[in-house]
Q: 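Quick one: the structure is below, questions incoming.
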Amino acid sequence: MIPIINTVTSEVNELSLDNQKNELERIAPELLKKEKKERDFSLPELPHAKKGKVVTRFPPEPNGYLHIGHAKAAIVDYEYAKMYDGRFILRFDDTNPENAHLEFYDAQKDDLIWLGIEWDEEYNTSDNIEKHYKLAEQLIKQEHAYVCTCDTSFIKECRFNGKECDCRCIDTGESLDIWGEMISSSIEGAILRLKGDMTCDNTAMRDPTLFRIIEKEHPLQGDKYRVWPTYDFSGAVEDSISGVTHPFRTKEYELRDECYFKLLDLLGIRKPHLMEFARLSIEGMPVSKRKIKPLIERGDVLGYDDIRLPTLRGLKKRGILPQAIKKFVLEQGISKVESSVTFGLLEAANRKIIDPITKRYFYVSDPIKLVIDNAPQNEKKIDFHPRDKKLGNRTIKTDKTFYVEKLDMNKLKVGDIFRLKDLFNVKIKKKNDQITGEYAGEELISDSAKIQWTTDKYVNLSVFIPHVLYIGEKFNKDSLEKVEGFAEESVGNIKTDEIVQFERFGFVRIENVNNKIKGFFTHK
RNA sequence: GAUUCUGUGGACUAGCGGUCUAGGUCACGAUCCUUUCACGGUCGAAAUCGCGGGUUCGAAUCCCGCCAGAAUCACCA
């Protein structure tokens, strides 16, 4: 077989490019046709993956609300499980009682549900501490782990210089005794360390900490435990024993892979196919708890659901749909390139989803009065959507008083004709602190401006417009803009959470509580 | 400083040795549609695939060197 292939390829290679083309045209013309490649937003194939056998997991620490970075991880994990008819586990990595807070277990689940993610199994790492202790004991007995009582700065120094400390040489029996005391009694300042390699180039392998003492009440376990596993230990162990086949983590953990696999090796338990992808970053927007938290503490933003923030609650409040987040995330994929995306990409995804299903209304920001003495009295029925009649319509009664945008009027001079959109044409007669106009017929003039308007029966509405939080490194003090304006009367009936399009203004999510109505600007 | 990873149009991404005269999305320009500066359609401009070598009949794709950027160097995850 191989010799035949070789003969054929060399024969083909001897032909000139044109001859090759002609020959191909003769025997298989369909191969020459170009098909438009369509990109679907499905993820690439997973290595070592079999249908029905893939298990993924999303392991948040219950220490805050979820943001779009979490969403990326959760969506990738969830989508891969679905793609392979596998299982998706939600695991709360609550191994640090100082960080874990009861409220966030449920809050994070709410965020995930909103995203449209469903999990097949849910558990807390803190429920498995006994198992971790057993495995730790096994490591000590195997002489692969030891109890260290040196102080932090000395440990650090030894790591830096590649030196071993005396604790490393304590015999197994004594190590087990101290380990027992760590767990049961009040011995202080001891940690369990992996016997790695203190001279390893990869500093993550210089005897990393596996367990440490934290005397703090755990939101779920109370004071049952005082020795807690570190991420290096619990992450590897949990992935292995819970049956996860394809765990994902962000790139900054890459140097820990060696430790991850070494631990599982020593413990003699199954090793998953660990994979990494780049952390999501968005221009002018902080995407990490570390950066978001100080903004809230300083009062630079109003809370975790501030519309300038990429928290799921912030995005929801702003009017971004979960489907848009999913599309956005899958567009980025799981590449390892460090990149910074514009928020505009999420906006574009959202706009396409929202546009066909949102009602159009008139909203006039920075209004100026327009009086048209000879305006015909009108009861005008106007569709809520230019293409989809199913979205219904409303009837607006008009008389001779209107409000229009100052900005629009500034662009026009006395004598100009413009159109009140969906109504009639107006000729400008006078411009002062109000505009005087004259009815100028119903007939459509193609090149005249079509302008949104309200009658004197309007609803006062402020709209909050989010801008980027950072310009370069600098906090943008004007990141939250408030616009005051008049909305047409029927806007008063819109219920909370509905997203509408104010024509020529943009998409806005409405909040309407106890007749107090406000808008949050989604995007253009 | 050490180690690891990454490097495709303005931004993001596809690409896994010939189907790449490098595809898609966003942004941009033009045009059609349109009683919205929205959506949609069509067209366009925009990439010497970080740089330099090598392997090969053939390289964005494999190898080597260099350069640049990022991450890690915690008893946080």
Side-chain angles (χ1 to χ4, degrees), chain A residues 9-10 12-14 17 20 24 31-41 44 59-61 63 93-96 98-100 125 148 151-152 155-156 159-160 162 189-193 200-206 208-214 227-228 230-232 234-235 249-258 276 278-279 281 283 289-290 327-328 330-333 335-342 344-349 351-356 358 360 362 382 385-387 419-425 444-446 448-452 501-507 523-524:
Chain A
T9 40
S10 64
V12 172
N13 283 334
E14 273 166 28
L17 189 63
Q20 287 181 21
L24 191 62
L31 289 178
L32 281 171
K33 265 188 229 141
K34 270 197 186 169
E35 272 173 48
K36 261 220 159 163
K37 284 182 212 158
E38 279 211 14
R39 168 115 155 85
D40 56 345
F41 295 106
E61 183 181 36
N63 72 335
D93 262 347
D94 52 352
T95 54
N96 187 340
E98 279 173 355
N99 293 344
T125 303
C148 179
D151 67 66
T152 320
I155 292 175
K156 202 170 177 169
R159 277 223 182 87
F160 188 78
I191 56 172
L192 187 74
R193 290 224 262 165
C200 186
D201 275 342
N202 181 357
T203 49
M205 293 306 288
R206 322 252 256 228
T209 306
L210 267 22
F211 286 82
R212 77 293 206 203
I213 296 167
I214 301 173
V227 175
W228 293 93
T230 60
Y231 171 77
D232 276 326
S234 71
R249 23 148 78 157
T250 42
K251 254 189 13 157
E252 61 266 28
Y253 293 111
E254 268 179 324
L255 293 174
R256 319 285 270 283
D257 287 6
E258 196 179 344
E276 272 101 7
R279 186 169 211 139
S281 69
E283 281 167 29
K289 161 120 196 202
R290 214 188 77 239
K327 184 163 180 259
F328 171 75
L330 294 180
E331 269 170 0
Q332 311 307 311
S335 108
K336 285 167 106 176
V337 186
E338 311 104 22
S339 52
S340 189
V341 200
T342 13
L345 235 39
L346 218 200
E347 292 182 354
R351 191 179 295 118
K352 281 169 203 204
I353 296 170
I354 268 178
D355 184 86
T358 48
R360 317 284 135 132
F362 291 143
I382 303 173
H385 196 281
R387 277 166 289 122
R419 184 177 184 84
L420 295 171
K421 190 171 176 281
D422 296 318
L423 204 61
F424 53 69
N425 304 321
L444 254 182
I445 305 165
S446 59
S448 75
K450 281 96 188 173
I451 282 167
Q452 78 277 29
Q501 190 200 47
F502 289 148
E503 299 206 27
R504 306 207 310 141
F505 182 80
F507 293 93
H523 45 65
K524 258 283 173 201

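We name chains A, B, ... by the order of the sequence lines, and we start the count at 1 in each one.
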Q: Please determine whether a side-chain nitrogen or oxygen atom of A:Arg351 lies at a distance below 4.0 Å from atom OP1 or OP2 of B:C39.
A: yes
Q: Side chain of A:Glu61: nearest nucleotide among B:C76, B:C5, B:A2?
A: B:C76
Q: What's the gap between B:G65 and B:G10 when it is taken at their P atoms, as a whole Å value?
A: 29 Å
Q: Does A:Arg212 make a side-chain N or O approach to OP1 or OP2 of B:A77 shorter than 4.0 Å?
A: yes
Q: Has the side chain of A:Thr230 got a donor or acceptor atom sitting under 3.5 Å from an opposite partner on the base of B:C75?
A: no
Q: Ignoring the backbone of A:Ser335, work out which of B:A2, B:A14, B:A11 is nearest its side chain.
A: B:A14
Q: What distance, rounded to whole Å, do you find between the two C1' atoms, one in B:G50 and one in B:U61?
A: 16 Å
Q: Is A:Lys450 salt-bridged to A:Glu503, cutoff N-O under 4.0 Å?
A: no
Q: Nearest to the A:Thr203 side chain among B:A38, B:C12, B:C73, which nucleotide is it?
A: B:C73
Q: Any carboxylate oxygen within less than 4.0 angstrom of a Lys/Arg side-chain nitrogen, looking at A:Lys524 and A:Glu347?
A: no
Q: Across the strands shown, which category fits A:Ala348 at heavy-atom distances under 4.0 angstrom: base, sugar-phosphate, nothing?
A: sugar-phosphate
Q: Nearest to the side chain of A:Ile191, which nucleotide is it out of B:C75, B:U36, B:C39?
A: B:C75
Q: Using the P atom as the reference point in each nucleotide, state the distance between B:A30 and B:A22 in Å, no decimals.
A: 26 Å
Q: Please produce a list of atom pairs where a protein N or O lies less than 3.5 Å from an N or O of nucleotides 66-71 of chain B.
A:
unit_1: B:G69; atom_1: N2; unit_2: A:Glu338; atom_2: OE1; d: 3.4
unit_1: B:G69; atom_1: N2; unit_2: A:Glu338; atom_2: OE2; d: 2.8

Q: Is a donor on one side and an acceptor on the other found under 3.5 Å between the side chain of A:Asn202 and the backbone of A:Leu255?
A: yes
Q: With sugar-phosphate meaning primed atoms plus P, OP1 and OP2, does A:Asp422 contact a base, only sugar-phosphate, or nothing at under 4.0 Å between heavy atoms?
A: base
Q: Can you check the distance between B:U21 and B:U48, where both ends of the measurement are the C1' atom (answer in whole Å)?
A: 14 Å
Q: Is there a donor N/O on one and an acceptor N/O on the other, under 3.5 Å, for the side chain of A:Gln501 and the base of B:U36?
A: yes
Q: So, the side chain of A:Arg206 versus the backbone of A:Arg159: is there a donor-acceptor pair under 3.5 Å, distance only?
A: yes
Q: Would you mind telling me which residue lines up with the more 5' stretch of RNA chain B, A:Lys156 or A:Lys450, judged by nearest nucleotide?
A: A:Lys450
Q: If I pick the C1' atom on B:G52 and the same atom on B:C57, what distance separates them, to the nearest angstrom?
A: 23 Å
Q: Could you check whether A:Thr250 gets within reach of a base, just the sugar-phosphate, or nothing at all, counting any heavy atom under 4.0 Å?
A: nothing
Q: Touch check for A:Thr152, heavy atoms < 4.0 angstrom, all strands: base, sugar-phosphate only, or nothing?
A: base
Q: Using the C1' atom as the point on both nucleotides, what is the distance between B:U19 and B:U55, in whole Å?
A: 23 Å
Q: As a test of reading the structure: which of B:A77, B:U36, B:C12 is closest to the side chain of A:Glu503, going by heavy atoms?
A: B:U36
Q: Does a nitrogen or oxygen in the side chain of A:Ser448 sit under 4.0 Å from OP1 or OP2 of B:U35?
A: no
Q: Taking the C1' atom of each, how far is B:G15 from B:C49, in whole Å?
A: 10 Å
Q: If the P atom of B:A11 is compared with that of B:C20, how far apart are they to the nearest Å?
A: 25 Å
Q: Within the 4.0 Å heavy-atom criterion, would you say A:Arg387 contacts the bases, only the backbone, or no part of the nucleic acid?
A: base
Q: Consider the side chain of A:Asn96, meaning its heavy atoms from C-beta on, and name the nucleotide among B:A77, B:U35, B:U36 that approaches it most closely.
A: B:A77
Q: Would you tell me if any nitrogen or oxygen in the side chain of A:Arg159 comes within less than 4.0 Å of OP1 or OP2 on B:C75?
A: yes
Q: Both A:Glu283 and A:Leu423 contact RNA chain B. Which one's nearest nucleotide lies toward the 5' end?
A: A:Glu283
